[in-house]
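Some notes on the structure that comes next.
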Amino acid sequence: MKNTDILVKLLRADIENKAILEVACGAADFSVSASAYSDSVYCIDLDARRLNSSLKEKLHFQIMDASKMDYADDTFDTIILYNAFFHIQSQWIEIERECRRVLKAGGVIYVVGTWKLDVNIIIDIFGGEAKWQDQFLIAAIRK
Ligand SMILES: C[S@@+](CC[C@H](N)C(=O)[O-])C[C@H]1O[C@@H](n2cnc3c(N)ncnc32)[C@H](O)[C@@H]1O
């Protein structure tokens with residue numbers, strides 16, 4: 001089973017039939033896994049080069065800066081950054097503000113890392129609030 005399939009199963013209560021946004025999606029592996037449980041999976045990145053073009057029909061992919069999103073306030077139930085935190089760390093204040101803006105009340109932002117670089121910076125920023133579940137270090141920010 002792919003890592004992202006395992007993660008989606010762990011987070012299933014916040015995925016199934018929810019409006020999902022994956023931020024800094026890269027190849028969008030998490031979004032593909034999540035789309036087995038929700039038709040409303042949006043994913044954004046600055047760069048479309050890693051995205052498999054055949055996925056673009058199934059997922060709602062857009063080139064968009066996560067620090068300046070085009071989405072309306074209160075649009076998503078669940079937002080995820082998967083193995084992307086190291087790459088967006090210098091913009092985290094702006095990106096977190098935007099994620100909170102587009103998240104519905106009662107929604108959740110998951111920052112998840114498996115790679116050493118991501119894990120180290122997640123521990124630096126979230127400390128004990130980040131918890132290991134299986135091979136995933138997960139920080140959950142609720143609105
Ligand atoms: C490690 S890669 C993606 C990892 C991805 N989640 C995966 O599993 O394939 C980090 C990504 O962050 C994207 N990125 C960096 N800054 C961004 C921003 N401000 N808005 C959106 N995407 C951004 C990069 O383009 C890159 O694709």
Side-chain angles (χ1 to χ4, degrees), residues 1-104 107-127 129-143:
M1 192 184 275
K2 281 187 346 188
N3 265 0
T4 49
D5 290 339
I6 297 169
L7 180 59
V8 164
K9 280 191 187 295
L10 278 176
L11 305 181
R12 189 164 167 174
D14 289 311
I15 302 290
E16 199 160 28
N17 302 320
K18 304 282 189 185
I20 314 294
L21 173 65
E22 183 183 6
V23 164
C25 65
D29 290 345
F30 179 86
S31 294
V32 172
S33 295
S35 67
Y37 297 95
S38 171
D39 289 336
S40 179
V41 182
Y42 288 72
C43 48
I44 62 171
D45 201 288
L46 289 175
D47 187 346
R49 274 178 300 181
R50 292 186 59 224
L51 193 76
N52 180 331
S53 59
S54 65
L55 303 178
K56 290 178 190 166
E57 298 301 313
K58 182 163 174 122
L59 302 176
H60 306 282
F61 172 77
Q62 285 181 277
I63 295 178
M64 196 184 295
D65 185 341
S67 67
K68 293 177 221 147
M69 291 191 239
D70 294 338
Y71 301 119
D73 297 356
D74 308 316
T75 299
F76 298 102
D77 300 296
T78 304
I79 298 177
I80 182 134
L81 285 88
Y82 175 69
N83 275 341
F85 201 66
F86 180 80
H87 286 75
I88 59 85
Q89 59 181 299
S90 64
Q91 295 178 284
W92 175 235
I93 290 172
E94 295 84 0
I95 290 176
E96 182 184 13
R97 186 169 53 229
E98 276 295 86
C99 286
R100 285 183 180 277
R101 181 184 68 74
V102 302
L103 190 67
K104 295 177 188 172
V108 59
I109 303 164
Y110 286 114
V111 178
V112 181
T114 60
W115 295 338
K116 193 172 176 190
L117 288 175
D118 284 294
V119 162
N120 289 344
I121 189 75
I122 290 170
I123 290 170
D124 283 351
I125 301 292
F126 296 99
E129 288 174 31
K131 310 277 186 213
W132 285 101
Q133 289 188 59
D134 294 348
Q135 67 268 49
F136 307 102
L137 182 65
I138 304 177
I141 303 162
R142 297 191 182 269
K143 180 171 173 183

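Just follow the structure's listing: the first ligand is 1, and inside any ligand the first atom is 1.
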Inset, instruction - Answer yes or no: does an N/O atom from Ser67 fall short of 3.5 Å to an N/O atom of ligand 1? - result: no
Inset, instruction - Report yes if some heavy atom in the side chain of Lys2 is under 4.5 Å from a heavy atom in the side chain of Val8; otherwise report no. - result: no
Inset, instruction - With the side chain counted from C-beta on, respond yes when Val112 and Phe30 share a heavy-atom pair under 4.5 Å apart, and no when they do not. - result: no
Inset, instruction - For residues Tyr37 and Lys9, determine if any side-chain heavy atom of one lies less than 4.5 Å from a side-chain heavy atom of the other. - result: yes
Legend entry - Phe86 and Asn120, any side-chain heavy atoms less than 4.5 Å apart: no
Inset, instruction - May I ask you to list the atoms of ligand 1 that are less than 4.0 angstrom from any heavy atom of Cys25? - result: 5 (C), 6 (N), 7 (C), 9 (O)
Inset, instruction - Look up atom CG in Leu11 and atom CZ in Phe136, then write down how far apart they are to the nearest 0.5 Å. - result: 8.5 Å
Inset, instruction - Tell me, please: is Asp29 in heavy-atom contact with ligand 1, that is, under 4.0 Å? - result: no
Inset, instruction - Mark up the atoms of ligand 1 that fall under 4.0 Å of a heavy atom belonging to Met64, in ascending order. - result: 20 (N), 21 (C)
Inset, instruction - For ligand 1, find out whether one of its N or O atoms is nearer than 3.5 Å to an N or O atom of Ala84. - result: no
Legend entry - atom 4 (C) of ligand 1: nearest protein contact (heavy atom, Å): Asn83 O, 3.5 Å
Inset, instruction - Answer side chain, backbone, both or neither: which part of Trp115 comes under 4.0 Å from ligand 1, heavy atoms only. - result: side chain
Inset, instruction - For Ala27, counting its heavy atoms only, list the atoms of ligand 1 lying under 4.0 Å from any of them. - result: 9 (O)
Inset, instruction - Looking only at distances, please establish whether an N/O atom of ligand 1 is found under 3.5 Å from an N/O atom of Ile95. - result: no
Legend entry - atom 2 (S) of ligand 1 [closest protein heavy-atom partner, distance rounded to 0.1 Å]: Arg50 NH1, 3.6 Å
Legend entry - Closest protein heavy atom (residue, atom, distance) for atom 12 (O) of ligand 1: Ala24 CB, 3.3 Å
Legend entry - Gln91: numbered ligand 1 atoms lying under 4.0 Å from its heavy atoms: 16 (N), 18 (C), 19 (N)
Legend entry - Minimum side-chain heavy-atom gap Thr4-Val32 below 4.5 Å: no
Inset, instruction - Kindly identify the option in Tyr82, Trp92, Phe85 whose heavy atom sits closest to atom 6 (N) of ligand 1. - result: Tyr82
Legend entry - Any side-chain heavy-atom pair of Arg100 and Ile141 under 4.5 Å: yes
Inset, instruction - With heavy atoms only and a cut-off of under 4.0 Å, state how Glu22 meets ligand 1: side chain, backbone, both or neither. - result: side chain
Legend entry - Distance from atom 20 (N) of ligand 1 to nearest protein heavy atom, with residue and atom: Ala66 N, 2.9 Å
Legend entry - Numbered atoms and elements of ligand 1 in range of Asp65, under 4.0 angstrom, heavy atoms: 18 (C), 19 (N), 20 (N)
Legend entry - Contact (N/O only, under 3.5 Å) between Asp45 and ligand 1: yes
Inset, instruction - Determine which pairs satisfy salt bridge (charged side-chain N to carboxylate O under 4.0 Å, His left out) with at least one residue from residues 77-89, sequence neighbours left out, and list them in order. - result: Asp77-Lys104
Inset, instruction - Taking the side chain as every heavy atom from C-beta outward, state whether Ile20 and Asp14 have any pair of such atoms under 4.5 Å apart. - result: no
Legend entry - Basic-acidic side-chain contact under 4.0 Å: Arg101, Glu98: yes
Inset, instruction - With sequence neighbours left out, write down each residue that passes ring pair (Phe, Tyr, Trp, His ring centres under 6.0 Å) with Phe85, or none if nothing qualifies. - result: Trp92, Phe126
Legend entry - Top protein contact for atom 22 (N) of ligand 1, by heavy-atom distance: Leu46 N, 3.4 Å
Legend entry - Tyr42 side chain near Thr75 side chain, heavy-atom distance below 4.5 Å: no
Legend entry - Heavy-atom nearest neighbour in the protein, as seen from atom 15 (C) of ligand 1, with distance rounded to 0.1 Å: Ile88 CG2, 3.6 Å
